[in-house]
Every structure is written in structure tokens, then in C-alpha cells.
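In what follows, every heavy atom counts, from backbone to side chain, and hydrogens, waters and symmetry copies are set aside. In what follows, every chain begins at residue 1, and chains take the letters A, B, ... in the order their sequences are listed. Everything quoted here is computed from the prediction, not taken from an experiment.
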2 protein chains.
Amino acid sequence: MKTRDRIIAAAIDLFNEQGTKGVTTNHIAAAVGISPGNLYYHFRNKGDILRAIFEEMDAYGLERYREITAETPPGTLAAMERCFVMIQEYNWRYRFFKRELTALLLDDPLLRERFRLTHRQMLAIVRQSNECAVALGVFRPLAERELDLLSEAIWMVALFWLNYLEVGGEPVDDAGLGRGIEQLRLLIAPYLTEGARAELAAKSERPVP
Amino acid sequence: MKTRDRIIAAAIDLFNEQGTKGVTTNHIAAAVGISPGNLYYHFRNKGDILRAIFEEMDAYGLERYREITAETPPGTLAAMERCFVMIQEYNWRYRFFKRELTALLLDDPLLRERFRLTHRQMLAIVRQSNECAVALGVFRPLAERELDLLSEAIWMVALFWLNYLEVGGEPVDDAGLGRGIEQLRLLIAPYLTEGARAELAAKSERPVP
DNA sequence: GTCTATAAGCGGATAGAC
DNA sequence: GTCTATCCGCTTATAGAC
């Protein structure tokens with residue numbers, strides 16, 4: 001593993017544990033087992049590391065999404081729930097980032113622009129998935145406005161569920177994630193067609209596969 | 001206005017604008033127009049200021065909630081929407097706090113415990129309000145589990161809506177808050193009785209009063 | 001690519017005079 | 001209550017040898 005990648009990996013671990021504020025470039029260098037000077041050979045400054053982490057995050061998320069859609073068609077209930085679980089894992093993996101999101105974006109205009117690009121893409125993907133659900137007969141036909149609001153609601157739960165658990169002091173475990181999935185089901189329940197509703201009911205007997 | 005209160009007010013403004021990380025005790029003292037030493041006469045350290053701000057927040061929120069319930073009975077649609085708007089105003093007023101919430105709690109065990117007390121109270125209040133809605137015939141009868149999940153969903157939107165707008169780079173204005181209310185309506189719509197549904201439909205023609 | 005050494009500056013916090 | 005002066009420690013970042 002290249003030094004650059006080891007720096008990124010160590011930074012993610014430390015940031016997750018102690019927050020970006022509590023972790024200095026010296027700490028990161030020490031964790032990697034290199035000198036502070038060497039770290040500055042690979043990265044201009046701390047913000048540079050942060051941006052590199054974001055690029056890794058973004059690539060990781062898209063890759064995981066492709067894996068899911070390759071196996072499960074978008075718009076199906078199975079795909080929605082798999083995506084939700086994937087996003088929670090993703091948020092956990094880079095949890096410092098979502099935790100400090102607004103503050104990080106406040107500090108770095110470059111990161112801000114970069115993040116919003118991805119954010120808009122994600123929202124579009126959720127919306128597209130819901131359009132597929134309508135086309136597949138999983139959801140009943142929806143007005144444009146309904147589609148917008150529902151997509152946004154789903155994305156919001158996906159985005160903040162982990163944060164919600166943490167803020168409340170709840171452990172981030174299978175039980176917590178399972179409840180997130182229940183929230184998601186609650187959200188889409190009113191829009192399901194009869195057939196899809198029966199499928200969901202059958203699934204709910206064993207809540208999280 | 002006492003110096004102590006001026007320090008708190010200045011700290012809130014600066015934190016909101018530049019984040020807690022970008023604001024030092026020296027900055028706060030300068031903004032108030034006092035010496036750094038004087039600031040330390042009134043507060044032990046930066047964390048102490050943060051905790052004092054939280055106490056102010058908490059008192060402010062409860063006071064506003066009492067004002068609403070004094071005029072609008074809990075469990076009515078009007079009370080729900082007024083509470084939602086109130087919470088958004090509250091979140092805006094102390095926006096740095098919600099923005100950096102998890103990071104702040106991570107840094108300060110005292111604040112963490114203190115916050116969670118309030119958080120649990122708020123969740124209980126939402127749940128109670130929903131029980132009232134059932135009793136008033138606004139909501140249809142709900143199973144315990146449904147009540148838990150719905151209350152949590154409502155609380156989550158109330159808690160994160162402002163953050164959601166900011167993260168997406170959207171302005172926090174009437175349009176943005178109005179969409180938050182629409183999200184709330186979307187959430188409760190499936191649980192309304194016929195009578196309440198008619199009332200809501202009438203209201204939705206002029207979205208935000 | 002990696003190290004050592006170090007400059008430069010800042011932030012938090014205290015002591016003691018007024 | 002408020003100020004001035006000041007200290008310590010830490011963090012970022014660079015220079016230059018290997």
C-alpha cells in the first residue's frame with residue numbers, strides 16, 4: 001500500500017474516532033509511522049487530505065451502488081432496501097464526514113462545491129429509482145410533485161439516519177439500522193400498489209434479512 | 001445587558017457565521033469589546049461558553065413551546081405545524097449547534113449528557129402530541145409501534161430539515177421551510193381520519209399560512 | 001520518498017494590577 | 001469587573017540533508 005493511501009486510511013480512522021478538530025497532521029503522521037515532513041510531501045495541508053478522502057468516498061459509494069443495481073433492478077423493493085443498508089454502511093465508514101459536514105463545507109469552498117455536485121447526483125438517483133418503481137407497478141402512478149417530495153423524504157432518512165442514532169446516544173448496530181429500514185417502509189407504504197404491499201407485508205414478518 | 005450575556009450573544013453570532021472551530025475566545029472578546037482576560041473571568045473556558053449557550057437554547061425552546069400549547073391544543077394539526085415552524089426558527093437561531101452537533105457532543109461529555117436529556121424530552125413531547133391527536137380523532141387509532149415510528153419520523157424531520165437545506169446549498173427561506181411543512185404533511189397524511197383529512201386539504205390550498 | 005530540525009504563529013489560559 | 005502582560009504548548013508548514 002502506497003504511503004499516500006496509508007495516510008488517507010489513517011486519517012479516516014482518526015477523524016472517525018476523535019473528530020477532525022482533535023486530529024492534527026502530526027497525529028496522522030505518527031499513526032502511519034512516518035515523519036510530519038513526509039506527510040507534507042504527499043499533501044499540501046489538512047484540507048487537501050480531506051478533499052482526497054472525499055474523492056475516495058465518492059468513488060466507493062458509486063461502486064457499491066453499481067454492484068447493487070447490477071444484481072437488483074432499480075425500482076424494486078429489494079433494491080431500495082439494499083441501497084438503504086449500503087448507504088448506512090457508507091455513512092458509518094466515513095462517519096466523521098457526515099457528522100461534521102456543514103462545518104467542513106463552511107471551512108472549504110472547494111469541498112463545498114464538490115460535495116454539492118455529488119449531493120445533487122444522489123437525489124437524482126433516488127428520484128430515478130422511484131420513477132422505475134412506478135414503471136414497474138411497485139408504486140401507484142405519482143404526480144411530479146409527489147415524486148419530488150417522496151424522493152426527498154427517502155433521501156433525507158438515508159442521509160441522516162446514522163446521525164440521528166448517534167445524536168440520541170443510541171448504538172449503531174443491527175437494531176438501529178433495522179429501525180431505519182422500518183422508517184423507510186413507513187415512508188413508502190402509502191404509495192405501494194396492492195401487489196407490492198403484499199410483498200412488503202410478507203417481508204416485514206422477518207424485518208431485516 | 002450584563003457582560004456575561006453579551007459574551008453569549010456574541011459567541012452565538014460568531015459561531016453561526018464561522019463555526020466553533022474558526023472562532024477563538026480572543027475573537028469573542030474582541031467582538032464584545034472586552035479583553036481576553038475579562039472573558040475568562042466570566043467563563044472557565046470555551047466549553048463553558050458552549051454549555052451556557054445550550055442552557056439558553058433549552059430555556060428558549062421550552063418557552064416557545066409553552067406559548068404555542070397555551071394557544072393551540074396539542075394534537076391538532078394547527079399545533080403540529082406551528083411547532084414545526086417554531087423548531088425551524090429555533091434551529092436557525094442556534095444553527096451552529098445543530099450543524100456541529102455530533103462533533104460538539106464528541107468533545108464534551110458533560111454537554112453530551114445534558115443534550116441527551118433534552119433530546120429524550122423532545123421525543124416524548126412529540127409522542128404525547130400524537131397520542132393527543134388520536135384522542136381528538138385527528139389521527140385514526142394507532143398501535144404502539146406505529147406511534148413510536150411515526151413520532152420518531154416527525155421528530156427526525158423537525159430536527160434535520162434545516163441541516164438538509166444547508167447541506168444541499170439551498171437558501172433557508174420561506175420556500176425552504178414551506179417544503180419542510182409539506183414533508184411533515186406527507187408523513188402524517190396516511191394516519192389522518194376523514195374529517196382531519198378534509199381540513200388538511202383545505203389548508204394545503206394555501207400551503208404556508 | 002523520507003527524515004530531522006526548526007521557524008513562526010496562534011490559541012487557551014493565568015497572574016496580578018487597577 | 002476589567003485590564004495588561006505574558007506563558008506554555010501545540011500545530012502548521014518549510015528547509016535541507018540523506
Side-chain angles (χ1 to χ4, degrees), chain A residues 1-56 96-97 99-100 103-112, chain B residues 1-56 96-97 99-100 103-112:
Chain A
M1 203 184 193
K2 301 292 272 180
T3 301
R4 193 190 143 90
D5 295 327
R6 289 198 298 141
I7 292 171
I8 289 181
I12 292 171
D13 285 347
L14 290 171
F15 288 158
N16 278 339
E17 277 157 40
Q18 302 166 49
T20 53
K21 200 177 114 189
V23 176
T24 71
T25 48
N26 282 13
H27 292 152
I28 298 170
V32 178
I34 61 171
S35 68
N38 191 6
L39 185 143
Y40 278 87
Y41 170 79
H42 292 280
F43 295 95
R44 260 194 156 65
N45 51 42
K46 207 171 159 183
D48 203 23
I49 299 177
L50 248 4
R51 286 188 291 272
I53 291 176
F54 182 76
E55 292 306 327
E56 186 195 293
F96 83 90
F97 195 86
R99 288 207 278 237
E100 304 178 31
L104 293 178
L105 301 187
L106 205 64
D107 287 347
D108 184 345
L110 265 63
L111 189 60
R112 185 157 63 223
Chain B
M1 201 181 192
K2 303 290 275 180
T3 301
R4 192 190 144 91
D5 295 327
R6 289 199 297 141
I7 293 172
I8 289 181
I12 292 171
D13 285 346
L14 290 172
F15 288 159
N16 278 339
E17 278 157 39
Q18 302 167 49
T20 54
K21 202 176 113 189
V23 177
T24 70
T25 49
N26 283 14
H27 292 152
I28 299 170
V32 178
I34 61 171
S35 68
N38 191 5
L39 185 143
Y40 278 88
Y41 171 79
H42 293 281
F43 295 95
R44 261 195 155 66
N45 51 43
K46 205 172 162 183
D48 203 22
I49 299 177
L50 248 2
R51 285 187 292 271
I53 291 175
F54 183 76
E55 293 306 329
E56 186 194 291
F96 83 90
F97 195 86
R99 287 207 279 238
E100 303 178 31
L104 293 178
L105 301 187
L106 204 64
D107 285 347
D108 184 345
L110 264 63
L111 188 61
R112 186 157 63 222

Protein-nucleotide distance (His42(B), atom NE2; dC3(D), atom C1'), rounded to Å: 12 Å

Could you list the donor-acceptor pairs under 3.5 angstrom formed between side-chain atoms of residues 32-44 of chain A and any protein atom two or more places apart in sequence or on another chain?
from	atom 1	to	atom 2	distance (Å)
Ser35(A)	OG	Asn38(A)	N	3.2
Tyr40(A)	OH	Thr25(A)	OG1	3.3

Where Leu106(B) and Gly19(A) come nearest, the two heavy atoms and their spacing: CD2-N, 3.9 Å

Nearest to side-chain heavy atoms of Tyr41(A), which nucleotide of dT2(C), dT4(D), dG1(D): dT2(C)

Footprint string (nucleotides 11-18 of chain C, 5' to 3'): B base within contact, S backbone only, - free, heavy atoms under 4.0 Å: SSBB----

Heavy-atom closest pair, residues Gly47(A) and Asp108(A): O-OD2, 4.3 Å

Polar side-chain atom of Lys46(A) near backbone of Val23(A) as donor-acceptor pair, under 3.5 Å: yes

Those residues that, when tested against Asn16(A), pass side-chain hydrogen bond (donor to acceptor under 3.5 Å, both in side chains) (two or more places apart): none

Exercise: identify the closest heavy-atom pair between Phe54(A) and Phe97(A): CD1-CZ, 3.4 Å

Interatomic distance, Lys2(A) NZ vs dT2(C) C1' [rounded to whole Å]: 13 Å

Considering all heavy atoms, the nearest Arg99(A)-Glu17(A) contact: NH2-N, 4.5 Å

Results of side-chain hydrogen bond (donor to acceptor under 3.5 Å, both in side chains) for Gln18(A) - residues two or more places apart only: none

Degree of bending in the helix from dG1(C)-dC18(D) to dC18(C)-dG1(D) once both end axes are built from five pairs, to 10°: 0°

Close residues, residues 4-12 of chain B, relative to DNA chain D [heavy-atom separation under 4.0 Å]: none

Heavy-atom pair with the smallest gap, counting every atom of Ala52(B) and Ile8(B): CB-CD1, 3.9 Å

Length of the line joining Phe43(B):CZ and dG1(D):C1', which is rounded to integer Å: 14 Å

Check: Thr20(B) main-chain N/O paired with Glu100(B) side-chain donor or acceptor under 3.5 Å: yes

